[in-house]
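These figures come from a predicted structure and were not determined experimentally. Only this structure's heavy atoms are used, side chains among them; waters, hydrogens and symmetry mates stay out. All ligand and atom numbering here is 1-based and tracks the order in the structure.
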Amino acid sequence: MTKTTALELLAEKNEAITALNLASSLIHWDAATTGVPEKSLEKRGNAAGWLSGESFARFIAPDTLEAIEVLEGCFDELDEYEKAMVRELGRSYRKAQAIPPEEMKAYASLLSQAESVWEKARDKDDYSLVQPYYEKIFAFNRRMCDWYGFEGHPYNALLDDYDKGTTIDIADEFFSLLREKITPLVKMVSESDKKPPEIKGVFPIEKQRELTKWLCEITGYDVTRGKIGEVEHPFCMTITRNDVRITTKYHEESLLSSIYSVIHEAGHAIYEQNMPEILEDYALADAASNSMHESQSRLYENMIGRSRAFAEILLPKLQELFHEFNDWDSEMLYRAVNVARPSFIRIEADELTYSLHIIVRYELEKAIIKGEIKVEDLPGLWADKYEELLGIRPPTYAKGVLQDVHWSAGLAGYFPSYALGTAYAAQYLHAMNKAFDVDAAVRAKDFTPINNWLKENVHQHGEIFMPDELIRRATGEDFNPKYYVDYLEKKFMELYS
Ligand code: ZN
């Protein structure tokens, strides 16, 4: 195989895989957002399974590796796109190939049952139902580390799946800094007598939909190149660069959950929409990592969406739509959207305590993968850690160890990316503020400088750079969690001390 035929072969595969994945995504979107006839589920499931099998088969075929090896052999002759493509394809191919096919098949079938068992266990608050599944899943995850190969701690192999290049050394240092700096802040908040105002009322869904449109417009998520769906658990889904969809969930009594899920998903979507189409030709139209994707959603949701400047522009819109805000001022709104208090459920946690929820999971996963603790001991250890870090002990398994879907979905190694992403976001915000006044842009209801800065420094690069290099190029220094800690200290000391 020559260099030219290798590039042609990979381009052909990319085209086929993109088409197959596009079809799978549409099937998934349709089922998630519109609801589909019960009787069609089986055939739809079969079709989705066939599509993903076909996509994987094309990818894992021996000629893919042959092409990768040919291009690795003449790496210096390749252009920037081709180099990144070969690096990324090589990584994914070797990981996928490392898992014995019969093991993968058994694992897939295990996972297909585990999620519904987990749901049942959570609903019945009975850990013993899901424990045997967790045992098998974690055992498989441990074997994955061997198949992938690792240096030092086996958990490094799993971390790398969600944030390429991140190791336990980096994560340990990061989380111990968070533990040291955030824990006293949480204590201060718990003991503070400052009571932020509460948003109460009934907020008609129709009006909330109007607010969603306004939020998309303000943030710069281009709805003409996407769509807004309504679901139980909000997500963002890319069909093509020009069709990036977001979802949200409306509750009449809870206005904030939809506001912040829209801003969060818009942050993900803007990242996807800002990637140049040429990256699709090289299978590089993707985030640099999970953490990097999360950095964008959290930058919009927290650093911008929960800022004073944003409260100032949000309030007039709320007053236009909901009479409940007639007597409010923007300072009240700022305080109301920044309520911080220890709580049990991660996905409902505030900006201050959120990363402590992640530390609990990180420490447990690391220990279980190393074989230092047993799956049967997870509920008790979980509760101990909540008590230690947040000062509260979950009264049930549902509010404790059974609250997340991740372990039943085989996603060990995923959690740290939520906290790392937030820390990346703080570092980007710091760099952006050196280039221009971010709050002033928000107050002027003009997100163009923000979106342009992110497009230029992060979004347009897709998967060309590794996460550590991307952040270095964008901010002029290596990843530095100090910005995140400084941000939290400044904000919450002022709010609560
Ligand atoms: Zn997200």
Whether His293 has an N, O or S atom under 2.8 Å from the Zn ion (ligand 1)
no
I'd like to check the side chain to side chain contact (heavy atoms under 4.5 Å, CB included) partners of Glu277; sequence neighbours left out, ordered by chain and number.
Arg241, Asn242, Glu280
Looking at the Zn ion (ligand 1), is one of the N, O or S atoms of Glu294 less than 2.8 Å from it?
yes
Can you tell me the N, O or S atom of His264 that's nearest the Zn ion (ligand 1)?
NE2
Counting backbone and side chain alike, does Cys236 bring an N/O/S atom below 2.8 Å of the Zn ion (ligand 1)?
no
Partner residues of Lys95 under the salt bridge (charged side-chain N to carboxylate O under 4.0 Å, His left out) criterion, sequence neighbours left out:
Asp160, Asp161
Should Lys164 and Glu88 count as side-chain neighbours, where that means a heavy-atom distance under 4.5 Å?
yes
Is it true that the NZ or CZ of Arg298 lies under 6.0 Å from the centre of Tyr354's six-membered ring and within 45 degrees of the ring axis?
yes
